[in-house]
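Along the sequence shown, the residues carry numbers beginning at 1. Numbering of ligands and ligand atoms starts at 1, following listing order. Reckoned from all heavy atoms, side chains included, excluding hydrogens, waters and symmetry mates.
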Amino acid sequence: AAVPVENLDLAGRRVVVSAGGTREAIDPVRFIGNRSSGRQGVALAQAAAARGAEVTLVAANLAADVTDQVRTGPQACAVVQVESTAELRDAVRAAGAEADVVVMAAAVADFRPAATPDAKIKKVPGQGPAPIELVENPDILAELAHERLRAGQVVVGFAAETGDATGSVLEHGRAKARRKGADLIAVNAVGSGRGFGTESNEVTILDGAGDVVGLASGTKREVADALWDAVTKLLP
Ligand code: CTP
Ligand code: CA
């Protein structure tokens, strides 16, 4: 049988990939979170490592089996564990200062509680819950795209969308691509068994103007490789 030729087109490149979903503390025992397993982000990190990149994986609350996949994977990635959006932002920006590519595959909480008490919030029997005031989190991807921590850095985001009355998955993705200012946005349809937690994925890759530059479907690893193919075309 033919021995597959190794593709080392990311050799000498430093890449940062965020994966998983951030959690925002309500009090010491409770949080607001999301269903992201981190599977697509970890597939991106491992695909980049296999192609020769030096990879930092910023991991936010990965599912247990995905954490195992990172530990037992064939290629080494530097892993920084984070929980909240503030921690993820700091870790991505620290590693991103030296990176050729930053990929924001993490599902970032859009809002966080305005205050986090040091003690557990107690219920008062017979009285309803106190409302939790939320404030908006910084948009890490938009910041990275507009600031460019390093000259020539390629910034990549994801857009998990559902179609609704105001537009299709692709229309929402196109609007997001234009708004964020990233070089590439991978749009995927979520909901009803698609996207979150599943083994396979289907994405449309858009450039910053919202034009389609690639399509990928298959395993999350195959989608990851298609995205890296698009990234390598943008690298100097
Ligand atoms: N993202 C980010 N910081 C945030 C929110 C999102 O960096 N505070 C990044 C995600 O990692 C992803 C991209 O932005 O790469 C799109 O995330 P998404 O949640 O789809 O977009 P939002 O701008 O938050 O829009 P909405 O949730 O309203 O669809
Ligand atoms: Ca969001």
Side-chain angles (χ1 to χ4, degrees), residues 15-25 31-45 48 56-62 80 82-96 99 101-114 134-149 153-191 194-196 201-208 210 216 220 223-224 227-228 230-231:
V15 314
V16 178
V17 179
S18 71
T22 60
R23 292 177 178 175
E24 305 296 344
F31 60 84
I32 298 171
N34 63 67
R35 294 185 190 280
S36 179
S37 63
R39 225 175 289 282
Q40 183 64 73
V42 166
L44 278 157
T56 301
L57 174 69
V58 178
N61 313 295
L62 304 185
V80 183
V82 299
E83 190 164 317
S84 67
T85 299
E87 289 170 4
L88 184 126
R89 178 176 180 272
D90 288 348
V92 165
R93 292 177 66 89
V101 186
V102 181
V103 181
M104 284 294 300
V108 179
D110 291 328
F111 306 102
R112 68 180 184 279
L134 300 178
V135 293
E136 195 169 341
N137 272 325
D139 189 322
I140 302 167
L141 178 64
E143 283 179 356
L144 291 167
H146 290 108
E147 279 175 43
R148 303 288 162 161
L149 297 174
Q153 184 174 77
V154 176
V155 176
V156 182
F158 271 78
E161 302 289 350
T162 58
D164 62 21
T166 68
S168 66
V169 166
L170 199 57
E171 285 165 344
H172 284 304
R174 192 171 286 129
K176 194 166 283 175
R178 292 181 182 139
R179 198 165 63 234
K180 298 273 184 177
D183 299 296
L184 297 171
I185 291 274
V187 183
N188 68 311
V190 292
R194 288 188 294 190
F196 279 175
N201 209 353
E202 209 181 298
V203 307
T204 303
I205 305 169
L206 305 181
D207 64 16
K220 290 192 172 180
V223 167
L227 199 53
W228 288 118
V231 168

Pair Glu24, Asn137: side-chain N/O donor-acceptor within cut-off below 3.5 Å: yes
Stepwise side-chain contact (heavy atoms from CB on, under 4.5 Å) test for Val135 and Arg112: CA-CA 6 Å; Val135 293; Arg112 68 180 184 279; 3.7 Å; yes
Give me the atom names and distance for the closest heavy-atom approach of Ala60 to Leu88. CB-CD1, 3.9 Å
Closest heavy-atom pair and its distance - Ala177, Asp207: CB-O, 3.7 Å
Step by step, work out the side-chain contact (heavy atoms from CB on, under 4.5 Å) result for Val156 and Asp183. CA-CA 6 Å; Val156 182; Asp183 299 296; 5.7 Å; no
Can you find a pair of side-chain heavy atoms, one from Val103 and one from Phe158, that are under 4.5 Å apart? yes
For a distance under 3.0 Å, give residue and atom name for each protein N, O or S atom next to the Ca ion (ligand 2). Asp110 OD1, Asp110 OD2
Close residues (non-hydrogen atom under 4.0 angstrom from ligand 1) work out to Met104, Ala106, Val108, Asp110, Pro138, Asp139, Ile140, Leu141, Gly157, Phe158, Ala159, Ala160, Lys176, Lys180
Modelled atom types, side-chain donor and acceptor of Thr166 and Asp164, under 3.5 Å: yes
Would you check, one step at a time, whether the test side-chain contact (heavy atoms from CB on, under 4.5 Å) holds for Val203 with Leu227? CA-CA 9 Å; Val203 307; Leu227 199 53; 5.7 Å; no
Show the numbers, then the answer: is there a side-chain contact (heavy atoms from CB on, under 4.5 Å) between Glu83 and Asn61? CA-CA 6 Å; Glu83 190 164 317; Asn61 313 295; 3.6 Å; yes
